[in-house]
2 protein chains.
Amino acid sequence: MKTTPELSAGQGDVYSANCPSRAALALIGSKWALLIVPLLAEQPVRNNELMRRIEGISQKMLTQTLRELERNGLVERHDHRTVPPHVEYRLTPLGHSLSSTLVVLDRWAEQHYPALLAAQHDFDQAESGDS
Amino acid sequence: MKTTPELSAGQGDVYSANCPSRAALALIGSKWALLIVPLLAEQPVRNNELMRRIEGISQKMLTQTLRELERNGLVERHDHRTVPPHVEYRLTPLGHSLSSTLVVLDRWAEQHYPALLAAQHDFDQAESGDS
DNA sequence: CAGCATCCATGTAGATACTG
DNA sequence: CAGTATCTACATGGATGCTG
């Protein structure tokens, strides 16, 4: 029985600076991918609807993130080639497998952010009050 | 008293730009927190060992991330106040609850990065080859 | 509607040197 | 050993205007 499992040792893990899993982690942990992927898990969504449902994202970052997700095989882009343009984004099977863990992360944030805010308050109080 | 606010839609979710859960998500999804938290889940770790085990992190980013995690109630800092200094970091219960989802994310990256690399290859091929 | 190009402000992160 | 301080390079990301 290993107390330090394969998580922390050797090649092929996220703790190795040169392992590509680092880059993968950076992609899937990026600010907007964290929101886009779980949203696409429900059903295919168009560019414009993504803009509306993800508050605060810019067209630039949306396209940029979608492209990167597409490039990594997590998202498929379907251009209906109509006028006016109609482009749908949907998850690949690989994207769905990722989404199932990302939704858990999103829900963790939604459920626990009050605790984080409370902790921040206490911490900042102690900071200003210590002598 | 409601300890768990509405989680479903509208306010209180990560898709609302003004919701603090966005900031929470940014913290827990940050490059280094993604690595530090699961590592601390195993057992308390000292600063120096974190530096060694997390390849590529700088002292600055390590301290900075640990501080932010501490401020948000995810990590506890134990200063033994000895000479030479001996400081241990460990997860709080809240931190452990987060860690259980982060380890899944880390493992996803480790398991699927070959698929991402393959997709990148195909995508880049198609890019340069399309007409 | 979808998206690209450009400019520009800010944030992030590394290197280095110094301190309790 | 465990930080802090400072400076700087670079990436991130927003605003705007234009195109198919």
Side-chain angles (χ1 to χ4, degrees), chain A residues 14-15 17-18 22-36 39-40 44-72 75-90 123 127 130-131, chain B residues 14 17-18 22-36 39-40 44-72 75-90 123 126-127 130-131:
Chain A
V14 291
Y15 291 101
N18 52 350
R22 265 292 175 86
L25 200 60
L27 169 64
I28 69 187
S30 79
K31 182 178 179 182
W32 298 117
L34 239 35
L35 298 176
I36 292 175
L39 206 158
L40 290 181
V45 184
R46 299 177 58 171
N47 177 30
N48 217 343
E49 191 180 351
L50 285 168
M51 285 285 290
R52 272 183 285 108
R53 294 183 57 183
I54 304 176
E55 291 184 14
I57 197 171
S58 64
Q59 175 66 56
K60 176 186 173 183
M61 289 314 299
L62 179 57
T63 303
Q64 188 172 303
T65 308
L66 284 169
R67 275 287 177 290
E68 205 56 23
L69 291 171
E70 187 192 2
R71 194 170 88 97
N72 285 266
V75 162
E76 274 177 5
R77 180 178 182 276
H78 286 278
D79 189 341
H80 293 215
R81 315 254 325 102
T82 60
V83 177
H86 181 116
V87 177
E88 267 185 358
Y89 293 96
R90 66 180 63 203
F123 187 90
E127 280 293 277
D130 64 3
S131 53
Chain B
V14 292
N18 53 350
R22 267 290 176 87
L25 200 60
L27 169 63
I28 68 186
S30 79
K31 181 179 178 182
W32 298 117
L34 238 37
L35 299 176
I36 292 175
L39 206 158
L40 289 181
V45 184
R46 298 177 60 171
N47 178 34
N48 217 344
E49 192 181 349
L50 284 168
M51 284 285 291
R52 270 184 285 109
R53 293 183 59 183
I54 304 176
E55 291 184 14
I57 196 172
S58 65
Q59 173 66 255
K60 175 186 173 182
M61 290 314 300
L62 179 57
T63 302
Q64 189 172 303
T65 308
L66 284 170
R67 276 284 179 288
E68 205 55 24
L69 291 171
E70 187 192 2
R71 193 171 90 96
N72 284 266
V75 162
E76 273 177 7
R77 179 177 182 276
H78 287 277
D79 189 342
H80 292 215
R81 313 253 328 102
T82 60
V83 178
H86 181 114
V87 177
E88 268 185 359
Y89 293 95
R90 66 181 63 201
F123 186 90
E127 279 294 277
D130 65 1
S131 53

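Proteins get letters first, then strands, A, B, ... in listed order; numbering begins at 1 in each. Bear in mind the structure is a predicted one, so any value in this text is a computation, not a measurement.
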Next item on the list: Give a yes/no on whether any side-chain N or O of B:Arg46 is located under 4.0 angstrom from OP1 or OP2 of D:dA2.
Entry: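 The answer is yes; a side-chain N or O of B:Arg46 sits under 4.0 Å from OP1 or OP2.
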Checklist line | Phosphate OP1/OP2 of C:dC1 contacted by A:Asn48 side-chain N/O (<4.0 Å) | finding: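 For C:dC1, OP1/OP2 do have a side-chain N/O of A:Asn48 under 4.0 Å.
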Over how many whole Å does the gap from [X] atom [atom1] to [N] atom [atom2] extend?
| X | N | atom1 | atom2 | value |
| --- | --- | --- | --- | --- |
| B:Asn47 | C:dG20 | CG | C1' | 15 Å |
| B:His80 | D:dA2 | NE2 | P | 10 Å |
| A:Met61 | D:dG13 | CE | P | 4 Å |
| B:Leu34 | C:dA13 | CG | P | 12 Å |
| A:Gln64 | C:dA2 | CD | C1' | 16 Å |
| A:His78 | C:dC1 | NE2 | C1' | 18 Å |
| B:Arg67 | D:dA2 | CZ | P | 12 Å |
| B:Leu27 | C:dT12 | CG | C1' | 15 Å |

Looking only at heavy atoms, which two atoms of [X] and [Y] are closest? And how far apart?
| X | Y | answer |
| --- | --- | --- |
| B:Leu69 | B:Ala33 | CD2-CB, 4.2 Å |
| A:Asn18 | B:Glu55 | OD1-OE1, 4.4 Å |
| A:Ile28 | A:Leu34 | O-CD1, 3.1 Å |

Notebook entry, point to check: B:Tyr89 or A:Pro85: which one's nearest nucleotide on DNA chain D is closer to the 5' end?
Noted result: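 Nearer the 5' end of the strand: B:Tyr89.
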Notebook entry, point to check: If you pin B:Glu49 and B:Lys60 to their nearest nucleotides in DNA chain D, which one's is more 5'?
Noted result: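 Taking each residue's closest nucleotide, the earlier one in sequence belongs to B:Glu49.
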Notebook entry, point to check: Does the A:Arg77 side chain pair with the main chain of A:Tyr89, one donor and one acceptor, at a distance under 3.5 Å?
Noted result: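 Such a contact is absent between A:Arg77 side chain and A:Tyr89 backbone.
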Note to self: Whether the side chain of B:Arg22 engages the backbone of B:Val14 through a donor-acceptor N/O pair (distance < 3.5 Å, no angle test) should be reported.
What the structure shows: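 Checking the backbone N and O of B:Val14 against the side chain of B:Arg22, a donor-acceptor pair under 3.5 Å is found.
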Given [options], identify the nucleotide with an atom nearest to the side chain of [X].
| X | options | answer |
| --- | --- | --- |
| B:Trp32 | C:dG14, C:dA2, D:dA2 | C:dG14 |
| A:Ser58 | C:dA2, D:dG14, D:dG3 | D:dG14 |
| A:Lys31 | D:dA2, D:dG13, C:dA2 | D:dG13 |

Notebook entry, point to check: Across the strands shown, which category fits B:Gln59 at heavy-atom distances under 4.0 angstrom: base, sugar-phosphate, nothing?
Noted result: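 Touches a base.
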Note to self: Base, sugar-phosphate or nothing for B:Arg77? Non-hydrogen atoms, less than 4.0 Å.
What the structure shows: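 Answer is sugar-phosphate: B:Arg77 comes under 4.0 Å of backbone atoms only.
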